[in-house]
Structure formats: C-alpha cells, structure tokens
> 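The structure that follows is given in the form of structure tokens.
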Amino acid sequence: MLAGILTLTANCQEGILHISDGQTEREFCIVHNHSWTPLAQSLDTAVSPIEYPLVNLTSQLLCNSSGVTPDLVKGKAVVVMRGDCDFSQKALTAQELGATTLLIASNQTLITPSANESEYSKVTIPLALMRYRNFLEAQQVFTGEMQVKLYAPPQAKIDPSIAVMLIIAVMTVALGGFWSGASENKAESGELFLYSPLKVVVLVLVMCGMLVLMYYFYNILVYVIIAIFCLASANALFFCFDAVLDKIGCGTIRFSVRNWNFSVRSIILASVCIVIAVIWGVYRNEDRWIWILQDILGIAFCLNFIKTISLSNFKICVILLSLLLLYDVFFVFITPFFTKNGVSIMVQVALGPDASGEKFLCPQLPVVMRVPRFSGLAQNLCGMQFSILGYGDIIVPGLLVAYCSRFDVWVNSRWKVYFISCCTAYLMGMIVTFTVMLLSGMGQPALLYLVPFTLITSAVVAGCRGEMRRFWTGTSYEL
C-alpha cells in the first residue's frame, strides 16, 4: 500500500503552438524554457498580434547557415529537426538568418531546452520543442501556408479535481466502514483478523521490503503487481456488485452440474468483472478514459479490503497506523537524500516513469486513484495531468473506521457515534492534507495528517463516553 497525495504537474515547461490558415485552427503541445524564452500567457498577447508564417526546414538540422538563405526565413517562424548540435546553436543560427521563432521537431521524449548560462542572453527569439508527428499531422490538416503563435497559459493551483478526489476518498472510507459494521451485525465479520502486535510489525517490514524491491526492480515487478491487481480488483468488484444485488433483493436462478452448484447471477457478475479488469489491463496506458476504470476497480479493491481485514482492537489500530505513518514519512521525505535524482522512493514507485519525465516507457503501478485536472489546456495537450491519491490513504484510515463501525455494533450505539466521528475526522484530515499541498506546492504524505486526526478523535470519543477500556481491548475483552 503506497500512500501520498500528489498533483502531477508538468515535468517540463509546457506551452501551446497555435496554427491557423485563416479558416482552420489547431493547437499542439510544445516544450520551452521559461527562463530562456518566456512566452505570453494567452493567445491574445502571444509575442505580437501578428501570426508568423511557418517555414518547413525539417530537412535541415540548422547547426549552421549553409544551404539556407536569409530571404527564405527572415521574419518567419522556422521548424527544423532535432540533433547534431545543441539547442542554443540552432537558435543562434536561426536568429542570425532573421527568423522570429524556432521550433525544433523531435522524435524523442520532449525535454526542457537548456544551455549554458552564457548562452541564454544571446538568444532573443522564442525557442520550443514539438513532436515531429504533430508537425506531420499539421501538414496534413493545412495544405496551404501555416501561421503560428506560441503561448503558455499558467497552470491553476486549485483544480476541481481535488474536490472530486475528496469525495471519492470519503465515500469509499465511509462505505467500507459501514459494510464492515453491517457484516459484524450479521455475524459475518472480516475473514482475516489482525490481533498480534508482532504480526503488525512484520507486515510493515514486509511492505518496506516490497517498496525497496519495486524501486530497484521496477521494470520486472510492475507486471507482477499489474497481474495481481487485475485478479484482486475483479474479485473485489464481484463481491461489491453481489452485495448491492443482495441489498436490493435481486434473486437468481441456480442449477447443478455433476454435484457442482452454480448461480446464473454469479456467472454473469463474474464475467462482467473479469471483462472490466481485462479491458483495464489492455488499455491501462490510454490516459484519456482508462482512469475511470482504474478508479472503479480501485474503489472496489479498497472497499473489499476494508470489509475483509479486521483489526481486533484499538491497540492494534494505534500500532498499525503509527508504524505506517512513519513508513509514509520516511519514504516520502527522507529517501530523497539517498536517491540519485533527489526524488523520493515513494514518488518514483507510485508514478513510475512519470517521476522522471519519461512517460510511457514502462507502465505505472495501479496503486492510486486518478482524476484528470479540469484546468490546464497546455498540460493536457502534452499529456493528461492528474490529481492522485494512494490506495493506502484510503485503506489504512479505513481499517480504523471499520473498527469503529464494528465497535458501535458491540456496544449497541444507536447513533453510530464512533463511526460518524471517525469519518468526520478523516474528512477533516483530508481537507488539511489538500490545504498543505496547495500552500506548499508539493505532494504530501497524507497519513501524516490522517493518522493523528482519526486516532485522536476516536480516543477522545471513547474517553468521553467512559468506554476507553472496552475500546482499547476490543474483541478479546468482549469475549
């Protein structure tokens, strides 16, 4: 279980290339260096009211001016191929020829164009990288002369996706806790109890070991995790759908084959869940829409985990949540001092290739809820940007919420005081987490805030009601 709230921001300084021919308009992703060639923040103020004609020099590398006459490029935007010399060399050559803008078409991963500090002041024209396939697409769309403008709209810090993520997290924790309490009420408690402090310590150590192994052997283990997630999430989705159908009183037809009993409803549900998991597995890198399936499978996985795993008493809750808080803080805040690129192990494992800016070279781990940012046109042109929330930030506090829900059943709490108080504390902890994230401009280990909020609130409620001993000892005391 990985925990941490992060907003995926652009790994480089992204902008928009606006192309038109007077009738048709298209926009494409570009990458630039704001400290080198700052761009306007809107199309209306982009460089000047004039759109520059685009000259196709992709047959040239423009490392020098040989083969190119100034009359061909003077007062125009130029697109050349990447390679053979650095960006500043191409920019200075284009500038000497009288070009107003330089676009460098690339077949490789787009990176922020950079140079020595002394070269920055020499280049006065806008410089940006674009995908070569985008230029080929533009050539097919525009058969005549292309006019271009460059601009880079700012990315808003506060995005509606954060509110959506908050709703998903709180609803999942509340439903998982309620389901656990309802199962306890029907004498159908979780299939697995955690009742030994030693087992909790061993579990956390295993998690630490797995995270380190994922860091060093990501390219191999990622496919193992993906396969396990497909199986586990399909199974969890089945139990969630089955519970909903039971609740609404949906019957089924049963039949037997060679002493094996089958249910038509179960067969249909299992088929649907397997198909959903397989579709996600096949199209998991299709950012535009696959995040919906990943979130559905993730919610089902978290709900089933919270319902199935039962913490036997508050003492186990305190030990588990405290150790996972230290685990979260260590792998988010401490490990950057030991990694080569200064990025924490937690972030690199959770985001995979996105953490280094090399997207899609290998798949990401399915360990986070993802909601696309509703703002940020430039960032979505260059690749979908997401607000993310680790499954651990739902499951870990959710186990405490589930314990509170079951304890309400044990003490016959009419108003579900423990359950409602813990859910409210989780909501407040999430709000504080997002607030700190927005103010600091960096991802936060959510358990740093969620664990104190939920543990302290639960303990205060038990103390005020005079039930601290029963709350601390839990099931064993009741028996």
Side-chain angles (χ1 to χ4, degrees), residues 1-2 167-194 203 225-256 260-281 284 290-312 365-370 389-406 408-409 416 419 423 426 475:
M1 291 182 294
L2 300 178
I167 293 172
I168 291 175
V170 175
M171 291 297 294
T172 303
V173 166
L175 286 174
F178 180 82
W179 192 8
S180 180
S183 299
E184 185 75 19
N185 203 26
K186 296 177 182 178
E188 299 175 359
S189 57
E191 298 175 9
L192 178 62
F193 269 90
L194 281 180
L203 173 63
I225 300 299
I226 288 174
I228 293 174
F229 176 75
C230 287
L231 293 173
S233 60
N235 180 68
L237 193 61
F238 172 85
F239 283 113
C240 291
F241 282 158
D242 194 55
V244 171
L245 293 178
D246 281 339
K247 187 66 176 179
I248 63 178
C250 180
T252 185
I253 300 175
R254 299 183 181 276
F255 62 93
S256 299
W260 288 84
N261 295 321
F262 296 94
S263 164
V264 174
R265 189 180 80 181
S266 297
I267 293 174
I268 295 175
L269 280 181
S271 301
V272 171
C273 295
I274 291 172
V275 168
I276 292 175
V278 169
I279 291 175
W280 175 85
R284 61 185 180 274
I290 202 64
W291 62 271
I292 299 174
L293 288 187
Q294 180 165 327
D295 287 355
I296 291 173
L297 293 172
I299 290 171
F301 177 80
C302 293
L303 285 174
N304 194 59
F305 197 102
I306 293 171
K307 183 259 181 184
T308 303
I309 305 299
S310 298
L311 304 184
S312 59
L365 281 177
V367 293
V368 293
M369 301 290 185
R370 301 195 300 166
L389 177 67
Y391 291 164
D393 300 327
I394 296 175
I395 291 175
V396 175
L399 293 175
L400 175 58
V401 172
Y403 173 72
C404 290
S405 181
R406 294 195 306 276
D408 280 324
V409 175
K416 302 288 183 183
F419 171 69
C423 286
Y426 179 79
T475 305

> Rounded at 0.5 Å granularity, tell me how far CD1 in Ile276 sits from CD in Gln294.
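Separation between the atoms: 14.0 Å.
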
> Can you check whether Ile267's main-chain N or O pairs, donor with acceptor, with Ser271's side chain at less than 3.5 Å?
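Confirmed, Ser271 side chain pairs with Ile267 backbone.
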
> Using 0.5 Å steps for rounding, measure from the CD1 atom of Ile296 to the SG atom of Cys273.
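Going from CD1 on Ile296 over to SG on Cys273, the span is 11.0 Å.
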
> Looking only at heavy atoms, what is the nearest atom pair of Ile299 and Met369, with distance?
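Scanning both residues completely, I find the closest heavy atoms to be N-CE, 3.3 Å.
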
> Using every non-hydrogen atom in the two residues, find where Ile226 and Trp280 come nearest and quote the distance to one decimal.
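The answer is CG2-CZ3, 3.8 Å.
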
> How are the rings of Phe229 and Tyr391 set relative to one another: parallel (under 30°), tilted (30 to 60°) or perpendicular (over 60°)?
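Parallel: the ring planes of Phe229 and Tyr391 meet at under 30°.
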
> Quick check: does any side chain N or O of Arg406 sit under 3.5 Å from a backbone N or O of Ser183, one acting as donor and the other as acceptor?
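Not confirmed, Arg406 side chain does not pair with Ser183 backbone.
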
> To the nearest 0.5 Å, what is the distance between OG (Ser180) and CG (Leu175)?
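It comes to 12.5 Å.
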
> With a 3.5 Å distance limit and no angle check, can you tell me whether Asn304 reaches the backbone of Leu237 through a side-chain donor-acceptor pair?
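No; zero donor-acceptor contacts below 3.5 Å.
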
> Can you tell me how far CG of Leu194 sits from OG of Ser312, rounded to the nearest 0.5 angstrom?
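So the gap between those two atoms works out to 7.5 Å.
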
> Verify, without hydrogens or angle tests, whether Glu184 (side chain) and Tyr403 (backbone) share a donor-acceptor contact under 3.5 angstrom.
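Flag not set: sc Glu184 to bb Tyr403 has no pair under 3.5 Å.
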
> What I'd like to find out is whether the side chain of Tyr426 reaches to under 4.5 Å of the side chain of Ile394, using heavy atoms alone.
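Heavy-atom side-chain distance check passes, below 4.5 Å.
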
> Which pair of non-hydrogen atoms, one from Cys230 and one from Ala277, has the smallest distance, and what is that distance?
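In terms of heavy atoms, the two residues are closest at O-CB, 3.6 Å.
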
> Does the pair Leu389 and Ile168 meet the rule for a side chain to side chain contact (heavy atoms under 4.5 Å, CB included), with working shown?
CA-CA 10 Å; Leu389 177 67; Ile168 291 175; over 6 Å; no

> Provide the closest heavy-atom pair for Leu399 versus Leu311 in the form atom of the first, atom of the second, distance.
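Distance-wise, the nearest heavy atoms are CB-CD1, 3.8 Å.
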
> Taking atom CG of Leu303 and atom CZ of Phe178, what is their separation to the nearest 0.5 Å?
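So the CG of Leu303 and the CZ of Phe178 are separated by 12.5 Å.
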
> So, taking the atom named CD1 in Ile290 and the one named CZ in Arg370, what distance separates them when rounded to the nearest 0.5 Å?
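Ile290 CD1 to Arg370 CZ: 8.5 Å, rounded to 0.5 Å.
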
> Taking C-beta and beyond as the side chain, do Ser266 and Phe238 meet within less than 4.5 Å on heavy atoms?
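Contact flag for Ser266/Phe238 side chains = yes.
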
> Which pair of heavy atoms, one from Cys302 and one from Thr172, lies closest together, and at what distance?
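Scanning both residues completely, I find the closest heavy atoms to be CB-CG2, 3.8 Å.
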
> Determine the minimum heavy-atom distance between Gly177 and Ile306, stating which atoms define it.
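Nearest heavy atoms, Gly177 then Ile306: N-CG2, 4.0 Å.
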
> So, does Arg284 use its side chain to make a donor-acceptor pair with the main chain of Pro366 at under 3.5 Å?
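Between the backbone of Pro366 and the side chain of Arg284 there is no qualifying donor-acceptor contact (under 3.5 Å).
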
